[in-house]
There are 2 protein chains.
Amino acid sequence: MATIEDVAKLAGLSRSTVSRVINHHPYVSEKKKQLVYAAMKQLEYYPNSSAQRLRRQKTDTIAVLVPRLTNPFFPVLIEELDLVAVEHGLQLLICQTQQNEEKELSFLNLLKTKQVDGLIFTAIENDWETIAPYKEWGPIILCNEYKSEATVPIVRLNQVKGSYLGTKHLIESGHTKIAFCGGTESELGIDRKKGFMKAMEEAGLIMSEDWFFPSSYSIDCGKDILKTLFAMKNRPTAVFTGSDEIAAGIIKEAKSLGVSIPDELAVIGFDDQPIAELMEPALTTIQQPVKDMGKKTMEVMVSMLNSDIVNDQDQIYELPIRLVKRQSV
Amino acid sequence: MATIEDVAKLAGLSRSTVSRVINHHPYVSEKKKQLVYAAMKQLEYYPNSSAQRLRRQKTDTIAVLVPRLTNPFFPVLIEELDLVAVEHGLQLLICQTQQNEEKELSFLNLLKTKQVDGLIFTAIENDWETIAPYKEWGPIILCNEYKSEATVPIVRLNQVKGSYLGTKHLIESGHTKIAFCGGTESELGIDRKKGFMKAMEEAGLIMSEDWFFPSSYSIDCGKDILKTLFAMKNRPTAVFTGSDEIAAGIIKEAKSLGVSIPDELAVIGFDDQPIAELMEPALTTIQQPVKDMGKKTMEVMVSMLNSDIVNDQDQIYELPIRLVKRQSV
DNA sequence: GTGAAAGCGCTAACAC
DNA sequence: GTGTTAGCGCTTTCAC
């Protein structure tokens, strides 16, 4: 493997000059530049990235922590993050936490070992208290999920508003008995429940704890919920869900059991994934501007990377969220 | 940022000893080991990964080239690749080619610049001729998509068999007029068409070029195909597709137009993604053992990384493929 | 068991 | 414009 030294020798020049050519510095005569290019080509020379990183003290790589890639929400987000990153000469290191606290922590160490220059959370497993000290090692941003105690920039949606809109739509469609499915572990989940409660209370409705499914997220969860619901004597006529997957599972199982959607049960999803439109009936859902979140997040990251002051800003960027009406309500 | 030198000084030892402790070498006295640990802790020392990589001449990182993360086939594959990689202390660098030849080429340069130790293709944009020279820079494996000229290990399915099984099932269900949708640019696509043709010929059927949709892949493609088909006077009664997405699009559009599936049109998908089971009617499809492919691929990569002989083997690992019967046929 | 020293491949003052 | 030189932080012979 050829090194910069080999190129310098073959070109009859110094390493500095070769380095200058590689890095497109001005003040290199055209003649020598050509000499260098010729030598590089002949030797099949490519700069060693580890050496560059060591010397420059940066990696131009950003870690992106996601729970799982198989949750279709995240690939869309990553795609946009990647797009903006590439524009700025940055690379993404995708890290799947599998919702595991220790794994998340081990990825934070990428910052300490200088494997990445910055880090983006799209979901958070550990307490903020645990994460906070890592700020010292490089810029951190929260995107999508958030913690109100966090002292880093946050790019998020107004989840209270999202679920409020959905629930209100259900109420305006005449429903008074409404179930709620969605996580409440995270602050995002708690806020969604808040929005739900707000809409319920405004309408003078009360929610039944029997119709509350806190730890649901997948298609299979949705199926189970439908079964549970229809085993009850007193059951809701509508259900608010925290994801299109849950909603899809509910609808699927409803069909198997001959339950008519939305006549016997209205269902509302969250995300507006491709699946929402494909379901029969098509899913009424809360649309999240995922791409905009990705774009904004990476822009903030780039600006943090370029400013000397690391994590000086703990601004919150809140993006709009809206209801998409289809046929499941 | 503390360096190994700082730790050595504080512990009153040499850099070598600290290094030995970091790397869990034997032959370090317990006493000094504790001294080192104490110093590391006090200084919040973490080894600089770029320095280690430069010195060790390896990155323990594998590039995985995928077309797009938003195609749900790939996240499943990546998840499994990642699982096995982590077991072996390897990191994955996910690279989206966006089906772009130049992007693919630029990712191949990760090998030359020593940013990764090996590279896995899950789809291929360039000619093999273009890719072959990169073998010299590190182990390369093809997983999923393949080129028969390739001289590297290949982990794949028998795509001829897959589409043969699907088409045969259509024929056995009484269909004689069958459309074919799926890419034919790649060898994988060509093989799928081969399997289709084989089943047709065996049954003494001929395919109509009017019913051949070579460049289809998405939900929207599926919708367009259904519309095109039903604008024809002479139309097929069944359609073989190259992905569950196309099939889902066809079914969705069929419903909008009041076309009954499978009575007026039988549809068969490819992949067996979650969506296949959610569609109404549920999709009959070809199941691919995606996880097994991922596992095998990373195992082969690990063995190549550990053997001194790089890319000596150009073996083909062919995994089984099977038909899943549901309600769309 | 431990330390001294060389060097992985590169960049950036600094001098000329 | 170009070369000399001093590291970036680490691992690994080679002595002892």
Side-chain angles (χ1 to χ4, degrees), chain A residues 1-37 39-40 43-61 89 109-117 137-138, chain B residues 1-37 39-40 43-61 89 109-117 137-138:
Chain A
M1 231 197 50
T3 72
I4 198 170
E5 177 79 51
D6 301 329
V7 176
K9 269 192 194 135
L10 182 60
L13 297 164
S14 72
R15 294 204 314 263
S16 339
T17 305
V18 177
S19 173
R20 286 189 188 103
V21 173
I22 294 169
N23 296 290
H24 304 102
H25 274 271
Y27 309 132
V28 181
S29 71
E30 193 55 36
K31 201 196 295 176
K32 310 218 162 169
K33 213 183 279 184
Q34 294 313 324
L35 240 38
V36 171
Y37 283 133
M40 294 204 306
L43 294 169
E44 287 201 85
Y45 167 77
Y46 294 89
N48 180 306
S49 147
S50 303
Q52 289 182 315
R53 290 180 182 197
L54 175 58
R55 185 54 234 238
R56 293 185 182 141
Q57 300 282 56
K58 57 182 196 139
T59 63
D60 293 326
T61 305
N109 277 325
L110 293 170
L111 236 29
K112 295 190 173 177
T113 58
K114 288 274 159 240
Q115 289 197 65
V116 300
D117 295 340
W137 302 87
Chain B
M1 231 196 50
T3 72
I4 199 171
E5 177 79 50
D6 302 327
V7 176
K9 269 193 194 132
L10 181 61
L13 296 165
S14 73
R15 294 203 315 260
S16 333
T17 304
V18 177
S19 174
R20 287 190 187 101
V21 173
I22 293 169
N23 297 291
H24 304 102
H25 273 271
Y27 309 130
V28 181
S29 70
E30 193 56 35
K31 200 196 295 176
K32 309 217 164 166
K33 213 183 279 182
Q34 293 314 323
L35 240 40
V36 170
Y37 282 133
M40 292 204 307
L43 294 169
E44 287 201 84
Y45 168 77
Y46 293 88
N48 180 306
S49 148
S50 303
Q52 290 181 315
R53 291 180 181 196
L54 175 57
R55 186 52 234 242
R56 293 185 182 142
Q57 299 283 54
K58 59 182 193 135
T59 63
D60 293 325
T61 304
N109 277 325
L110 293 170
L111 235 30
K112 295 190 173 178
T113 58
K114 287 277 160 238
Q115 290 197 65
V116 299
D117 296 339
W137 302 87

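Since we're looking at a predicted model, the values are computed, not measured. Lettering of chains follows the sequences in order, A, B, ..., and the numbering in each one begins at 1.
Map B:E5 and A:R15 each onto its nearest nucleotide of DNA chain D; the residue landing nearer the 5' end is A:R15. Nearer to the 5' terminus of DNA chain C, by closest-nucleotide assignment, is the contact made by B:G12 (compared with the other of B:G12 and B:A51).
Within 4.0 Å (heavy atoms only), A:R53 reaches no atom of the nucleic acid at all. Backbone-only contact: A:T3 has heavy atoms under 4.0 Å from sugar-phosphate atoms and none from a base.
A straight line from CG of B:N48 to P of D:dC8 spans 11 Å, rounded to a whole angstrom. Rounded to whole angstrom, the span from the CD1 atom of A:I4 across to the P atom of D:dT4 amounts to 14 Å. Regarding A:K9, its NZ atom lies at a distance of 15 Å from the C1' atom of D:dG3, rounded to whole Å. Rounded to a whole Å, the CD atom of B:Q52 is 14 Å from the C1' atom of D:dT12. Residue A:K58 contributes atom NZ, which lies 19 Å from atom C1' of D:dG9 at whole-angstrom precision.
Look at A:S14 and you won't find any side-chain N or O under 4.0 angstrom from OP1 or OP2 of D:dT4. Dashed line: the shortest gap from a side-chain N or O of B:Y46 to OP1 or OP2 of D:dC10 is not under 4.0 Å.
A heavy atom closer than 4.0 Å to some atom of DNA chain D occurs in B:S19, B:R20, B:N23, these being the qualifying members of residues 19-33 of chain B.
Listed for the B:S19 side chain is no donor-acceptor partner under 3.5 Å among the backbone atoms of B:R15.
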Practice task
Tell me, with the steps shown, if A:M40 and A:I22 meet side-chain contact (heavy atoms from CB on, under 4.5 Å).
Solution key: CA-CA 10 Å; A:M40 294 204 306; A:I22 294 169; 4.2 Å; yes

Practice task
Please assess B:R53 against B:D60 for the test side-chain contact (heavy atoms from CB on, under 4.5 Å), listing each intermediate value before the final yes or no.
Solution key: CA-CA 8 Å; B:R53 291 180 181 196; B:D60 293 325; over 6 Å; no

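Checking B:S14 against B:T17 by side-chain atom types alone, a donor-acceptor pair falls below 3.5 Å.
Atoms OG and CD, from B:S29 and B:Q34 in turn, are 9.5 Å apart once rounded to the nearest 0.5 Å. A:K114 contributes atom NZ, which lies 7.5 Å from atom CH2 of A:W137 (distance to the nearest 0.5 angstrom). The structure places CD of B:Q52 at 6.5 Å from CG of B:N23, a figure rounded to the nearest 0.5 Å. One distance of note links CE of A:M1 with CG of A:D6; it measures 9.0 Å at 0.5 Å rounding. Interatomic distance, A:H24 NE2 to A:K33 NZ, rounded to the nearest 0.5 Å: 8.0 Å. Rounded to the nearest 0.5 Å, atoms CG (B:L13) and CZ (B:R20) are 10.5 Å apart.
With axes fitted over five pairs at each extremity, the angle between the ends of the helix from C:dG1-D:dC16 to C:dC16-D:dG1 is 30° (10° resolution).
Between B:S50 and A:L54, the shortest heavy-atom contact is CB-N, 3.8 Å.
In summary, contact between chain B and DNA chain C, defined as any nucleotide atom under 4.0 Å from a heavy atom of the protein, begins and ends at C:dG1 to C:dG9 in the 5' to 3' direction.
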